[in-house]
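Just so it is clear, the model here is predicted, and its values are computed rather than measured.
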Amino acid sequence: EVWNTSSSAWDAAALMNGLPSNIISSFAEVEDYVFIGTNSGIGVWNKTVNSWDAPLTMQDGLSSNNIQDLSAPLSSNGDHIILYVTTPMGVDRWLIVQEANIGVVTAADGMIGTDAHDMIFIPGSTGTTAYISHRGSDLSRPGVTSVMIDPQGTGNEQIVDHHRFDQLPSNNVKALTSDSWGLHVATSESPLVHYNQTSMEFENGVALWQLTGTQVTAMYSDGMRLLI
């Protein structure tokens, strides 16, 4: 930190060049740099000068200093434009050349949860899909969100699908009913869950707080309406 004699106050602190922490979670290598994720930010090794650049932290625009994974997929030109960064606060999209975060993807954008952990990228005929894991540590359920990424760095990521490991929010089942549509399940935790027998997939229903009571004790369906 630097004491400003004109304002009689400390100027904004900045980390010195180097690795911000010895606790390393991930690596990503691009043309001129190696990015090293740690629990205190991202270390930046400059391969051109064989030396450390200043680390990237929340002060530079990251949503969190607790870096969980890094990945820099190839753009359509064969270079690296954007660095994807998973943290407990979501998925940051860091423009490598511009040194700017163009935004963070969270549960509000459609992911299963905001806390994002590991990533894997799979190219396809229509683009590259990222599979982002969630540990269920932010009041959400564990699972994987598939996202069609935008390696050109224009911010056009699209949520494609959710893959949940546990289909019921709790093993404490309070009520069941079925109809021609499928099976409806209420447990002691939110939300209500519905099994669609046509798609053979589970779907989330209303949260318990949206109902008049705190617990569901019985349900009945006439095929059109669910009585709770």
Side-chain angles (χ1 to χ4, degrees), residues 1 10-30 32-47 51-73 80-122 128-151 153 155 157-160 162-166 169:
E1 288 183 298
W10 292 103
D11 286 345
L15 290 175
M16 297 179 64
N17 293 2
L19 192 64
S21 171
N22 291 330
I23 302 176
I24 296 172
S25 61
S26 50
F27 293 86
E29 184 174 5
V30 300
D32 297 326
Y33 301 98
V34 178
F35 296 100
I36 302 106
T38 77
N39 65 346
S40 298
I42 302 174
V44 183
W45 178 257
N46 190 322
K47 296 189 292 183
S51 182
W52 292 103
D53 283 355
L56 305 175
T57 66
M58 292 176 65
Q59 187 173 326
D60 302 292
L62 295 180
S63 62
S64 171
N65 288 334
N66 186 6
I67 310 303
Q68 303 188 135
D69 201 5
L70 299 171
S71 188
H80 298 89
I81 296 175
I82 188 168
L83 176 70
Y84 288 92
V85 184
T86 58
T87 79
M89 301 304 297
V91 182
D92 288 328
R93 297 166 291 178
W94 182 263
L95 295 179
I96 296 170
V97 174
Q98 293 86 346
E99 297 184 348
N101 187 359
I102 62 172
V104 56
V105 182
T106 69
D109 301 296
M111 293 203 303
I112 288 179
T114 290
D115 186 359
H117 209 264
D118 295 324
M119 295 181 287
I120 186 171
F121 291 79
I122 300 179
T128 299
T129 302
Y131 293 88
I132 302 167
S133 66
H134 307 276
R135 296 178 294 180
S137 57
D138 57 341
L139 302 180
S140 63
R141 290 155 61 189
V144 173
T145 301
S146 55
V147 182
M148 184 67 69
I149 66 165
D150 176 19
E157 282 72 19
Q158 296 179 349
I159 306 299
V160 177
H162 295 156
H163 313 275
R164 292 184 174 88
F165 302 137
D166 58 339

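Partners of N65 under the side-chain contact (heavy atoms from CB on, under 4.5 Å) rule, at least two apart in sequence or in another chain, are T57, M58. In this view, M119 and D69, S71, Y84, T86, F121, I132 satisfy the side-chain contact (heavy atoms from CB on, under 4.5 Å) rule, not counting sequence neighbours. For S26, there are no side-chain hydrogen bond (donor to acceptor under 3.5 Å, both in side chains) partners, not counting sequence neighbours. For V30, the side-chain contact (heavy atoms from CB on, under 4.5 Å) partners at least two apart in sequence or on another chain are Y33, F35, A72, H80, I96. Qualifying side-chain contact (heavy atoms from CB on, under 4.5 Å) partners for S146, counting only residues two or more places apart in sequence or in other chains: T129, Y131, V160, D161, H163. Applying the side-chain hydrogen bond (donor to acceptor under 3.5 Å, both in side chains) test to N39 and every residue at least two apart in sequence or in another chain returns S21. With sequence neighbours left out, S64 forms a side-chain hydrogen bond (donor to acceptor under 3.5 Å, both in side chains) with no residue at all. The ring pair (Phe, Tyr, Trp, His ring centres under 6.0 Å) search around W45 returns W52, not counting sequence neighbours. Take R93 and apply the salt bridge (charged side-chain N to carboxylate O under 4.0 Å, His left out) test, not counting sequence neighbours, and it matches E157.
At most 12 non-hydrogen atoms from other residues, nucleotides or ligands lie less than 6.0 angstrom from CD1 of I120.
Taking all atoms of both residues into account, the shortest heavy-atom contact from I81 to P151 is CB-O, 3.6 Å. In this structure, S63 and T87 approach most closely via the heavy-atom pair OG-OG1, 3.2 Å. In plain terms, the two heavy atoms of A116 and V91 that are nearest each other are CB-CG2, 3.8 Å. Closest approach of D118 and Q68 over heavy atoms only: OD1-O, 4.3 Å. Shown here for A107 and T114, the closest heavy-atom pair between the two residues is N-OG1, 3.1 Å.
D150 and Q158 share no donor-acceptor pair across their side chains, judged by distance under 3.5 Å alone.
A distance of 9.5 Å separates CG of L56 from CG of L70, quoted to the nearest 0.5 Å. The line from CD1 of I42 to CG of L19 is 11.5 Å long, rounded to the nearest 0.5 Å. With rounding to the nearest 0.5 Å, the separation of OG in S25 from CD1 in I36 is 10.5 Å.
Counting heavy atoms from C-beta outward, H117 and S133 have side chains that approach closer than 4.5 Å. At a threshold of 4.5 Å between non-hydrogen side-chain atoms, the residues M89 and T106 do not count as touching.
Between the side chain of N101 and the backbone N or O of G61 there is at least one donor-acceptor pair closer than 3.5 Å. Using a distance-only test at 3.5 Å, with no hydrogens or angles considered, a donor-acceptor pair links the side chain of H134 to the main chain of D115.
Annotation: ring pair (Phe, Tyr, Trp, His ring centres under 6.0 Å) contacts involving residues 86-115, sequence neighbours excluded, are absent. The list of salt bridge (charged side-chain N to carboxylate O under 4.0 Å, His left out) pairs with a residue in residues 95-107, not counting sequence neighbours, is empty. Screening residues 18-29 for salt bridge (charged side-chain N to carboxylate O under 4.0 Å, His left out), with sequence neighbours left out, gives E29-K47.
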Audit row: T128, M148, side-chain contact (heavy atoms from CB on, under 4.5 Å) steps and yes/no: CA-CA 6 Å; T128 299; M148 184 67 69; 5.7 Å; no
side-chain contact (heavy atoms from CB on, under 4.5 Å) assessment of L62 paired with D60: CA-CA 6 Å; L62 295 180; D60 302 292; 5.6 Å; no
Full working for side-chain contact (heavy atoms from CB on, under 4.5 Å) between I102 and L95: CA-CA 7 Å; I102 62 172; L95 295 179; 3.3 Å; yes
